[in-house]
Amino acid sequence: GEDVEQSLFLSVREGDSSVINCTYTDSSSTYLYWYKQEPGAGLQLLTYIFSNMDMKQDQRLTVLLNKKDKHLSLRIADTQTGDSAIYFCAENEMTTDSWGKLQFGAGTQVVVTP
Amino acid sequence: NAGVMQNPRHLVRRRGQEARLRCSPMKGHSHVYWYRQLPEEGLKFMVYLQKENIIDESGMPKERFSAEFPKEGPSILRIQQVVRGDSAAYFCASSPPNSRLAGFSEQYFGPGTRLTVT
């Protein structure tokens, strides 16, 4: 099965908060990431969190990490129509060569309605 | 500073033909990664290269696929004798020379090449 799992779809009204959830399996992950993919475009790194942190806030984005449950979430406050996109959660898999190979979830499609 | 560039953006090939996908990393970046995204799936790692070296190709199919990153010029992902199952979006990412330190993987993605095999 997938090492990183996400719900596939989220619908949210403009102005509300969005919460996107992710679970991962690799307990040795040092960093966890959230990427955004707009239609026809590549992935844009939104934010990341180091594994010894519980929370990170960056303007409208809040990342919460529960390391015990291997659960990561991304909260977007005051969601706007421009936030409509696919959001990918990713973890580092440390290889024997000690480089951080990214493992991605399948992505959560967020649709923002007026 | 231009971002990661990939070309072509769209590529159509008939079964049995060869596909060549090009990736120019960001200026100053010496590490290149290739990923494949099948419809409604996340990105799957294929290969990690530095200039003239393949560092990790554990995600690359054993046959028909090859990748290079020469001293001069873009990185090339080559798929020989394409089949319908190769239809996907292929993304390239690049990172700066010291991005492996402390396990942080600072990768910047290109817009992707969408390969369609007919």
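So that the names make sense, note that chain A is the first sequence line, chain B the second, and so on, each numbered from 1.
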Is [X] salt-bridged to [Y], cutoff N-O under 4.0 Å?
X: A:Asp83; Y: A:Arg60; value: yes
X: B:Glu18; Y: B:Arg78; value: yes
X: B:Asp86; Y: B:Arg64; value: yes

Measuring heavy-atom distances to chain A, does B:Gln37 have an atom under 4.5 Å in its side chain, in its backbone, in both, or in neither?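 It is the side chain, since no backbone atom gets that close.
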Select all residues of residues 109-117 of chain B having any heavy atom within less than 4.5 Å of some heavy atom of chain A, and report them by number, or 'none'. B:Phe109, B:Gly110, B:Pro111, B:Arg114
For A:Gly40 against B:Arg9, the heavy-atom pair lying closest together: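 Looking at all heavy atoms of both residues, the closest pair is O-NH2, 2.9 Å.
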Would you mind checking which part of A:Gln37 comes under 4.5 Å of any heavy atom in chain B, side chain (CB onward), backbone (N, CA, C, O), both or neither?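 The answer is the side chain of A:Gln37.
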Which atom pairs, one a donor and one an acceptor, fall under 3.5 Å between side chains of residues 107-114 of chain A and the rest of the protein, sequence neighbours left out?
{"from": "A:Thr108", "atom 1": "OG1", "to": "A:Gln6", "atom 2": "NE2", "distance (Å)": "3.0"}
{"from": "A:Thr108", "atom 1": "OG1", "to": "A:Ser7", "atom 2": "O", "distance (Å)": "2.5"}
{"from": "A:Thr113", "atom 1": "OG1", "to": "A:Val12", "atom 2": "O", "distance (Å)": "3.4"}

Taking only residues two or more places apart in sequence or in another chain, which ones pass side chain to side chain donor-acceptor pair (under 3.5 Å) with A:Gln80?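 With neighbours one apart ignored, the set is A:Asp78.
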Once side-chain contact (heavy atoms from CB on, under 4.5 Å) is applied, do any residues pair with B:Lys51, and if so which ones, sequence neighbours excluded?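 B:Lys51: side-chain contact (heavy atoms from CB on, under 4.5 Å) contacts with B:Phe69.
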